[in-house]
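See structure below.
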Amino acid sequence: MMTELDDLAIARRPSQARSRERFEKVIAAADAMLAEGGLGALSIPALADKLGMTRRSIYLFFPTHYAVLNEVTRRYINRLEQRLAEELAQYRHSDLHEAVARVTFAAADFHNTHPVGCQLILGGAVTDSSYRAQEMNTRHLGQLARRSLGNFSPNIPTEPDVASLAIELGTACFRHSYGVHGKITDSYKIEATYVMLLYLCQTLGLGDAPSREALSSYL
């Protein structure tokens with residue numbers, strides 16, 4: 001996921017057991033600090049103070065605090081992808097409308113129960129590196145969507161990247177709800193599903209999209 005980022009924005013994963021333990025302690029502390037104080041609370045000096053480590057020992061693995069943020073984000077993305085894959089496996093024999101609804105609602109519930117992950121995945125990009133990381137996250141989830149949509153339409157365009165654009169549309173609804181309400185509300189779960197299905201059904205020639213009322217039955 002991070003191959004397009006500057007080296008200073010990528011964590012250097014250690015190979016030795018003791019170093020891996022220190023690495024994991026930094027990640028756990030960063031997650032806790034983000035939960036307590038948001039993005040403004042996180043810095044390498046603050047992590048060093050919290051853990052009783054030297055700054056140098058943290059810089060060995062995390063050249064900047066953006067490397068810490070990107071590593072925490074990567075882990076939440078992986079957990080989200082695993083959760084969505086489980087949901088897709090359960091509803092792979094359903095029709096397109098139900099499959100998209102179930103997976104979208106599962107994504108919303110994941111964000112609501114993991115506020116740090118929600119903040120990192122849905123929060124706006126503030127640097128060039130975080131912008132590129134955000135774009136890679138979307139493409140990563142778009143690849144999952146492409147594999148899943150293959151059950152309903154075998155020829156999904158890659159230019160434009162229809163699967164990733166569908167994810168962007170749903171994510172925009174999530175992001176707006178998060179910004180306004182601090183969570184993804186039921187109405188925005190439905191709206192995210194609705195706009196994605198409108199786009200997918202029309203673009204892929206899969207018939208009419210369902211109404212918002214019909215989608216609410218899956219809540």
Side-chain angles (χ1 to χ4, degrees), residues 1-84 107-142 164 167-168 170-185 188:
M1 183 184 78
M2 299 299 178
T3 55
E4 298 177 28
L5 296 180
D6 185 276
D7 288 345
L8 295 179
I10 304 173
R12 301 164 182 163
R13 294 178 183 80
S15 57
Q16 297 182 348
R18 172 181 277 184
S19 296
R20 287 198 299 271
E21 182 180 354
R22 187 182 304 140
F23 186 94
E24 293 301 323
K25 285 182 178 179
V26 172
I27 293 300
D31 195 293
M33 291 176 70
L34 289 166
E36 294 167 4
L39 292 172
L42 186 69
S43 68
I44 299 297
L47 281 168
D49 289 344
K50 183 178 182 67
L51 292 168
M53 295 181 179
T54 64
R55 297 180 188 183
R56 181 178 180 279
S57 66
I58 296 177
Y59 282 126
L60 286 174
F61 309 119
F62 303 97
T64 65
H65 79 285
Y66 296 115
V68 181
L69 286 172
N70 286 332
E71 178 63 19
V72 176
T73 304
R74 183 189 70 82
R75 294 182 180 210
Y76 276 110
I77 285 284
N78 287 346
R79 291 169 66 182
L80 173 60
E81 183 179 19
Q82 182 179 357
R83 175 69 186 89
L84 299 187
D109 291 341
F110 178 91
H111 288 310
N112 286 339
T113 55
H114 298 89
V116 171
C118 182
Q119 180 184 34
L120 293 174
I121 295 170
L122 298 183
V126 294
T127 66
D128 181 61
S129 290
S130 61
Y131 173 79
R132 283 184 287 166
Q134 193 174 76
E135 288 299 305
M136 283 186 279
N137 292 337
T138 298
R139 291 202 303 271
H140 194 64
L141 293 176
S164 291
I167 296 296
E168 285 276 23
T171 300
C173 294
F174 282 4
R175 187 174 291 121
H176 186 74
S177 183
Y178 173 68
V180 173
H181 303 290
K183 65 178 182 178
I184 302 167
T185 64
Y188 277 94

- With rounding to the nearest 0.5 Å, note down the distance linking CZ in Phe23 to CG in Leu60. 12.0 Å
- Query: Who passes side-chain contact (heavy atoms from CB on, under 4.5 Å) against Arg12, sequence neighbours left out?
  - Reply: Pro63
- Query: CD1/Ile44 to CZ/Arg55 distance, rounded to the nearest 0.5 angstrom?
  - Reply: 9.5 Å
Donor-acceptor pairs under 3.5 angstrom involving side-chain atoms of residues 45-52: please list them, not counting sequence neighbours.
none

- Task: Output all residues satisfying side-chain contact (heavy atoms from CB on, under 4.5 Å) with Ser15, sequence neighbours left out; order by chain, then residue number.
- Result: none
- Nearest heavy-atom neighbours spanning Tyr188 and Cys173: CD2-O, 3.5 Å
- Message: Run the side-chain contact (heavy atoms from CB on, under 4.5 Å) test against Phe174 and tell me which residues pass, sequence neighbours left out.
- Response: Thr104, Ala107, Ala108, His111, Leu122, Ile184, Ala192
- Message: Just so I know, are the side chains of Val26 and Phe61 near enough to count as touching, which here means a heavy-atom distance under 4.5 Å?
- Response: no
- Residues passing the side-chain hydrogen bond (donor to acceptor under 3.5 Å, both in side chains) test with Thr185, sequence neighbours excluded, are Ser187
- Measure the shortest side-chain to side-chain distance between Asn70 and Ile10 over non-hydrogen atoms and say whether it is less than 4.5 angstrom. no
- Task: Not counting sequence neighbours, which residues clear salt bridge (charged side-chain N to carboxylate O under 4.0 Å, His left out) with Arg83? List them please.
- Result: Glu87
- Query: What pairs of residues pass the side chain to side chain donor-acceptor pair (under 3.5 Å) test when at least one of them lies in residues 27-40, not counting sequence neighbours?
  - Reply: Asp31-Tyr76
- Task: Compare every heavy atom of Ala67 with every heavy atom of Ala11, then report the nearest pair and how far apart it is.
- Result: N-CB, 3.9 Å
- Arg75/Glu71 ion pair, N-O < 4.0 Å: yes
- Note on the structure: Applying side-chain hydrogen bond (donor to acceptor under 3.5 Å, both in side chains) to Thr64 and not counting sequence neighbours gives none
- Message: For Gln82, give me all partners under side-chain hydrogen bond (donor to acceptor under 3.5 Å, both in side chains), at least two apart in sequence or on another chain.
- Response: none
- Can you measure from OG (Ser19) to CD (Glu24) and round to the nearest 0.5 angstrom? 12.0 Å
- Note on the structure: Lys25 meets the salt bridge (charged side-chain N to carboxylate O under 4.0 Å, His left out) criterion, sequence neighbours left out, with Glu21
- Task: Measure the shortest side-chain to side-chain distance between Thr171 and Ile121 over non-hydrogen atoms and say whether it is less than 4.5 angstrom.
- Result: no
- Message: Going by side-chain hydrogen bond (donor to acceptor under 3.5 Å, both in side chains), name the residues that satisfy it together with His114, two or more places apart in sequence or in a different chain.
- Response: Arg79
- Item | Ser57: side-chain contact (heavy atoms from CB on, under 4.5 Å) partners, not counting sequence neighbours | Arg22, Met53, Thr54
